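Please read the structure below before turning to the comments.
Just so it is clear, the model here is predicted, and its values are computed rather than measured. The basis for the numbers below is simple: all heavy atoms, side chains too, and nothing from hydrogens, waters or symmetry mates.
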Amino acid sequence: VPNAADLNVQPRQRRVVYEGLAKLPIGRSVRDLLGDFAIPESELRETLRKLDQAGLARRTRGTWWAGCSAPTRRAWAPS
């Protein structure tokens with residue numbers, strides 16, 4: 001039977017990773033994030049996938065951003 005502390009690990013990791021991403025407007029790669037957080041790579045990737053599924057993180061060309069802070073690509077329109 002898992003105890004409460006074991007059950008809270010994933011939500012706590014997601015919160016920590018999300019808060020870390022939110023502080024970085026330029027986004028981070030998984031390799032960079034591994035240096036930022038004391039989380040094994042497999043758990044970090046799963047955390048990022050869960051955040052993406054929840055709409056709290058986005059990935060573009062290997063770089064992760066928190067929520068809607070990812071840069072948007074605007075179509076160039078002549079004036």
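One finds the CG atom of Leu56 at 12.5 Å from the NZ atom of Lys50 (value rounded to the nearest 0.5 Å).
Scored by the side-chain hydrogen bond (donor to acceptor under 3.5 Å, both in side chains) test, Arg45 finds Glu41 as partners (sequence neighbours excluded). Every salt bridge (Lys or Arg N to Asp or Glu O under 4.0 Å) that Arg49 has, sequence neighbours left out, goes to Glu46.
Pairs of residues two or more places apart, or lying in two chains, that qualify as side chain to side chain donor-acceptor pair (under 3.5 Å) and include a residue from residues 27-37 are Arg28-Asp36, Ser29-Asp32.
Gly20 approaches Phe37 most closely through the heavy-atom pair CA-CZ, 3.9 Å. Heavy atoms only, all atoms of each residue included: Trp64 and Ala57 are closest at CE3-CB, 4.1 Å.
When each of Leu44, Ile39, Leu51 is checked for a side-chain contact (heavy atoms from CB on, under 4.5 Å) with Gln13, only Ile39 meets the rule. Only one option out of Asp52, Leu33, Val17 pairs with Thr47 in a side-chain contact (heavy atoms from CB on, under 4.5 Å); it is Val17.
The shortest distance between side-chain heavy atoms of Leu21 and Trp65 does not fall below 4.5 Å.
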